[in-house]
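Below, chains carry the letters A, B, ... as their sequence lines are ordered, and counting in each starts from 1. Excluded from the calculations below are hydrogen atoms, water molecules and symmetry mates; all remaining heavy atoms, backbone and side chain alike, are included. From a predicted model like this one, the values you see are computed outputs, not experimental measurements.
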Number of protein chains: 2
Amino acid sequence: MNGLGESHSEQAGRPPEARAQGAEEAEVGLAQQAWTLLFELLHTHMRNFPALAAEFDLSPVQAHVLRQLGEGALAMSTLATYLSCDASNVTGLVDRLEARKLVERRSSEQDRRVKMLVLTEAGAELRGRLMARMALPPPFIASMPEEDLLALGDIMRRALKPQ
Amino acid sequence: MNGLGESHSEQAGRPPEARAQGAEEAEVGLAQQAWTLLFELLHTHMRNFPALAAEFDLSPVQAHVLRQLGEGALAMSTLATYLSCDASNVTGLVDRLEARKLVERRSSEQDRRVKMLVLTEAGAELRGRLMARMALPPPFIASMPEEDLLALGDIMRRALKPQ
DNA sequence: TATTGTTATACTCTATAACTATA
DNA sequence: TATAGTTATAGAGTATAACAATA
């Protein structure tokens, strides 16, 4: 869990034009500090995501697809946007999930070029277990004092609010 | 930015044995709430990481390797542990980075089976730019009020403290 | 003409298993 | 015998380019 102090020193070592000037300097410093700390924790935690997905015999991306599909039917092109990947990629991804009877392709009736993706019953059941598993807080959260949890929740809700 | 409310309802819908009882209930609820919010923000943000790495002609994993290597020389087996992947994987990963003159393999003198990895000058330079780029806070952080940034920083530092 | 999804191709990441060279 | 790294192989994720069906 080092690398944090170092990140700060690298930040300080960057050329002046990369740093804020005058009145905004304190704000930028705080934002970078908070972000660097959060980024470190996140990366450390995200290392475990492939193993978490593997508990359900899913790849990380497949887990992500199931998660998105819970919101309702999605066009393949929409899924490509959500995954930030090329449409050709989604074809193979869905092929494998469909072969496992977790999702289904359904031709849209409005536009017959479009194929809508829906979870099968088995897919919805698997997704439910996956979501419950992902909701389990990791140790660094679980061991936080109540006041920190409350403050963190409030801050995150405010961050989501204005959109 | 939905899926959060839904996660909460799924949480509430889980069987009783998956929830804490009595005195601990409030704590677990807070932890799950905070974690679900954080997880959502993280996943949303992490979607951008491949594009960030691509700004430097790196794959996400290559960016991760450069980040780790900044701490000093690492044995290949240690890197495999950090990356949570098989050693055979690291061979190809390092092959490609070495072909680009970003890292070097050096045989350890203590144990001639071991190969230590070090950044080349070009690798260290690229890493510096990468780290500076990663330190730039995303909008949801950059637009936080100062008091939230201070509180978030304090909470994260406390979370890192005890290790 | 433009768009949705597929196919063909190529490269990276990943794991398992068998191998080598050291220890 | 055990460990560090490599090689061979296979499968999944990724992108680009060319294509078919539809709008």
Show each protein N/O and nucleotides 10-12 of chain C N/O combination with a separation under 3.5 Å, one pair to a line.
none

Collect all protein-nucleotide pairs involving nucleotides 3-7 of chain D in which both atoms are nitrogen or oxygen and the distance is under 3.5 Å.
{"from": "D/dT3", "atom 1": "O4'", "to": "B/Arg113", "atom 2": "NH1", "distance (Å)": "3.4"}
{"from": "D/dT3", "atom 1": "O2", "to": "B/Arg113", "atom 2": "NH1", "distance (Å)": "2.9"}
{"from": "D/dG5", "atom 1": "OP1", "to": "B/Met76", "atom 2": "N", "distance (Å)": "3.3"}
{"from": "D/dG5", "atom 1": "OP1", "to": "B/Lys115", "atom 2": "N", "distance (Å)": "2.8"}
{"from": "D/dG5", "atom 1": "OP1", "to": "B/Lys115", "atom 2": "O", "distance (Å)": "3.2"}
{"from": "D/dG5", "atom 1": "OP2", "to": "B/Ser77", "atom 2": "N", "distance (Å)": "2.6"}
{"from": "D/dG5", "atom 1": "OP2", "to": "B/Ser77", "atom 2": "OG", "distance (Å)": "3.2"}
{"from": "D/dT6", "atom 1": "OP1", "to": "B/Arg105", "atom 2": "NE", "distance (Å)": "2.9"}
{"from": "D/dT6", "atom 1": "OP1", "to": "B/Arg105", "atom 2": "NH2", "distance (Å)": "3.2"}
{"from": "D/dT6", "atom 1": "OP1", "to": "B/Lys115", "atom 2": "NZ", "distance (Å)": "3.4"}
{"from": "D/dT6", "atom 1": "OP2", "to": "B/Thr91", "atom 2": "OG1", "distance (Å)": "2.7"}

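Taking atom CG on A/Leu102 and atom P on D/dA12, their separation rounds to 14 Å, with Å as the unit. Rounded to whole Å, the distance from CZ on B/Arg47 to P on D/dT14 is 13 Å. The CG-P distance, from A/Leu83 to D/dA12, rounds to 17 Å in whole Å. Here the C1' atom of nucleotide C/dT14 and the CG atom of A/Leu58 are 16 Å apart, to the nearest Å.
B/Arg105 has its side chain within reach of B/Asp95: a pair of non-hydrogen atoms, C-beta onward, lies under 4.5 Å apart. Two residues are said to be in side-chain contact when any heavy atoms from C-beta on lie closer than 4.5 Å; A/Val90 and A/Cys85 meet this criterion.
Residue B/Tyr82 qualifies as open at atom OH: its count of foreign heavy atoms under 6.0 Å is 12 or below.
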Decide salt bridge (charged side-chain N to carboxylate O under 4.0 Å, His left out) for B/Glu40 and A/Arg67; before the verdict, give the C-alpha distance in whole Å, the side-chain angles of both, and the deciding distance to 0.1 Å. CA-CA 11 Å; B/Glu40 186 72 22; A/Arg67 188 159 145 274; 3.2 Å; yes
CA sep, side-chain torsions, deciding dist, call: B/Arg100, B/Glu98, salt bridge (charged side-chain N to carboxylate O under 4.0 Å, His left out): CA-CA 5 Å; B/Arg100 285 176 60 183; B/Glu98 200 168 35; over 6 Å; no
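With sequence neighbours left out, B/Arg47 forms a salt bridge (charged side-chain N to carboxylate O under 4.0 Å, His left out) with no residue at all.
Taking the six-membered ring where the residue is Trp, A/Trp35 and B/Phe140 present perpendicular rings, their angle passing 60° and hence far from 30°.
A salt bridge does not link A/Glu125 to A/Arg127: none of the charged nitrogens lies less than 4.0 Å from a carboxylate oxygen.
Between A/Ser84 and A/Glu109, it is A/Ser84 whose nearest contact on DNA chain D lies nearer the 5' terminus.
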